[in-house]
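Chain letters run A, B, ... following the sequence lines, proteins first, then strands; residues in each count from 1.
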2 protein chains.
Amino acid sequence: MPEDRTTRAVIRDEALRLFAVHGPDVVTVRQIATAAGVSPGLVVHHFRSKDGLRQEVDQYVITVFEGMLSELTGESGPELLDESAAAARSLGEVFLRHLPVGSPLPGYLRRLLLSDTEAGRGLFRRLYAMSRETLDDLAESGAAARGGDPQVRAALLLVNDLSVFLLRDQLTGVLGVDPLSAAGLARWGPELLSIYAGGLNATPQAQQAEGGQA
Amino acid sequence: MPEDRTTRAVIRDEALRLFAVHGPDVVTVRQIATAAGVSPGLVVHHFRSKDGLRQEVDQYVITVFEGMLSELTGESGPELLDESAAAARSLGEVFLRHLPVGSPLPGYLRRLLLSDTEAGRGLFRRLYAMSRETLDDLAESGAAARGGDPQVRAALLLVNDLSVFLLRDQLTGVLGVDPLSAAGLARWGPELLSIYAGGLNATPQAQQAEGGQA
DNA sequence: CAGCAGACTAAACGCTCGTTCAATCGCCTG
DNA sequence: CAGGCGATTGAACGAGCGTTTAGTCTGCTG
């Protein structure tokens with residue numbers, strides 16, 4: 001290990017973890033302090049207030065997430081030519097590639113998107129803009145049509161993607177597998193691609209065209 | 001009006017409204033009492049505790065929702081023959097048909113589904129079972145294929161439907177129209193049906209086949 | 001008409017919350 | 001080595017919470 005995290009970072013990480021699971025309204029400063037192994041006063045000393053801590057965690061999470069997304073927009077590498085790979089760029093795969101299992105980040109982002117805060121709205125607008133760009137790219141490459149209402153189609157593709165991790169726990173309950181795990185994505189991805197490729201009536205033969213990659 | 005609501009019902013309805021918007025953890029007994037025009041003590045007198053009130057509102061909301069759903073499962077009327085109508089049976093349309101505008105019920109159900117409670121899990125399992133039955137019906141009538149993984153396909157169709165009202169506010173923000181309003185559904189429904197009918201590459205001509213009903 | 005039962009209120013209780021404050025510790029600087 | 005400064009703590013404060021309690025009012029019942 002290069003160097004230990006500062007106490008400030010420990011508090012921030014424990015707050016992130018607890019906020020993601022239980023929500024910032026329910027988690028108390030004393031719980032965060034105990035989890036970080038410090039006194040409640042020190043939390044306020046470092047972050048000015050509980051709300052200041054929440055804002056800093058918000059900013060931290062968004063920054064980390066933006067870093068993950070920059071892979072999708074920044075790299076204009078050769079893999080852009082693979083149409084099915086482009087369509088398969090779900091948030092689930094992004095998480096799986098960048099985060100360790102059990103990371104609290106997806107849960108925190110979920111809360112943020114559902115929270116009716118300016119940070120949440122900004123995050124959603126950002127994702128929507130990305131979705132619109134992706135749809136445009138797909139349309140130009142001929143991989144997908146813009147549809148009769150491109151704004152709605154882009155929104156539809158986005159929220160379909162988001163629903164997987166908004167309802168992650170519920171899906172794990174009924175399917176018996178975490179849809180954001182490697183095993184879960186292996187089942188979810190092909191089914192989604194099948195519908196996107198040919199609709200609900202696509203024949204199984206037609207679906208074999210998208211099963212190639214590992 | 002046939003008869004006035006009892007004070008007990010007024011308290012329950014105000015709690016439902018406040019819980020739907022702000023969440024049960026944030027709303028206080030005093031807020032509910034003020035909204036209902038009574039004293040805090042009376043709330044506890046009628047419902048034993050705040051948690052008792054929350055449980056009763058849970059049960060009430062689920063009961064009302066089940067009543068709305070019974071239209072879909074109970075009636076085996078002539079409209080079942082219309083394939084596109086069957087595919088279009090979204091929760092949004094159910095809400096639009098049964099609830100007044102501004103009803104707090106969708107918001108409350110949203111909280112319930114995301115809440116990690118037994119009531120929420122039961123509700124989701126119920127919806128998942130309905131989705132599986134619907135997919136089976138569609139498959140037998142030839143309107144849709146079961147897909148390579150019917151369990152995942154049914155879950156996918158369900159969460160795609162749920163995502164519209166989980167992210168209702170965010171969608172209203174970027175689209176400028178409430179997706180659960182009549183105007184919003186008029187834009188959302190055709191786009192979704194288009195994808196379900198032929199995938200992302202369906203030609204506009206093929207989409208005209210599903211634009212008939214008002 | 002006596003009396004009971006339920007609806008309802010005002011006040012208070014105990015608790016936990018976020019936050020403050022004074023004091024201590026350890027380290028770097030001059 | 002003197003001195004200051006940030007990190008850290010334990011105790012305390014005031015506010016707001018859910019809940020309790022004692023009491024009043026009202027309408028029904030015998």
Side-chain angles (χ1 to χ4, degrees), chain A residues 1-61 104 108 111-112 115-119, chain B residues 1-61 104 108 111-112 115-119:
Chain A
M1 55 198 79
E3 53 181 338
D4 277 359
R5 289 176 307 173
T6 73
T7 301
R8 198 172 188 280
V10 171
I11 296 172
R12 190 238 295 134
D13 290 348
E14 289 301 318
L16 164 49
R17 186 177 60 83
L18 289 169
F19 286 168
V21 179
H22 304 104
D25 294 327
V26 177
V27 174
T28 70
V29 172
R30 284 170 173 82
Q31 285 178 268
I32 298 168
T34 300
V38 300
S39 68
L42 190 61
V43 175
V44 177
H45 170 72
H46 277 302
F47 299 92
R48 217 170 53 84
S49 69
K50 180 186 177 182
D51 195 67
L53 171 57
R54 210 213 68 246
Q55 285 177 238
E56 178 138 338
V57 177
D58 278 2
Q59 197 51 56
Y60 174 73
V61 165
Y108 198 94
R111 299 238 170 228
L112 217 45
S115 69
D116 189 36
T117 61
E118 196 46 50
Chain B
M1 58 197 78
E3 52 181 340
D4 276 359
R5 289 176 305 173
T6 69
T7 301
R8 197 172 189 280
V10 171
I11 296 172
R12 191 238 294 134
D13 290 348
E14 289 301 320
L16 164 49
R17 186 177 60 82
L18 289 169
F19 285 168
V21 179
H22 304 104
D25 294 327
V26 176
V27 174
T28 70
V29 172
R30 283 168 175 84
Q31 283 179 268
I32 299 168
T34 300
V38 300
S39 69
L42 190 61
V43 175
V44 177
H45 171 72
H46 277 303
F47 299 93
R48 220 170 51 83
S49 69
K50 180 186 177 181
D51 196 68
L53 171 58
R54 210 213 67 246
Q55 285 177 239
E56 178 139 338
V57 177
D58 278 2
Q59 196 52 55
Y60 173 74
V61 165
Y108 197 94
R111 298 234 173 231
L112 217 44
S115 68
D116 190 36
T117 63
E118 195 46 49

A:Arg54 CZ to C:dG18 C1': how many Å, rounded? 15 Å

With a 4.5 Å limit on heavy-atom distance, are the side chains of B:Glu56 and B:Arg8 in contact? yes

If you go through the side-chain atoms of B:Arg30, does one of them form a donor-acceptor pair with the base of D:dG16 closer than 3.5 Å? no

Is B:Arg111 positioned over the aromatic face of B:Phe19, cation under 6.0 angstrom from the ring centre and no more than 45 degrees off axis? no

When the distance from CD1 of B:Ile11 to C1' of C:dG6 is rounded to whole Å, what number comes out? 14 Å

In whole Å, I'd like the distance from the CG atom of A:Leu53 to the P atom of C:dT19. 10 Å

Euclidean distance, atom NE2 of residue B:His46 to atom P of D:dT19 [Å, nearest integer]: 16 Å

Short side-chain N/O contact from B:Thr7 to OP1 or OP2 of C:dC8, under 4.0 Å: yes

Provide, to the nearest angstrom, the distance between the CZ atom belonging to B:Arg8 and the C1' atom belonging to C:dC8. 15 Å

Please report the distance, rounded to the nearest Å, between CZ in A:Phe47 and P in C:dT19. 13 Å

First locate atom CG of B:Leu112, then atom OG1 of B:Thr117, and finally report the distance between them rounded to the nearest 0.5 Å. 5.0 Å

A:Asp25 CG - C:dC17 C1' separation (whole Å): 13 Å

Can you confirm whether B:His46 is buried at NE2, in the sense that more than 12 heavy atoms of other residues, nucleotides or ligands lie under 6.0 Å from that atom? yes

Could you state the NE2-C1' distance from A:His45 to C:dA22, rounded to the nearest angstrom? 14 Å

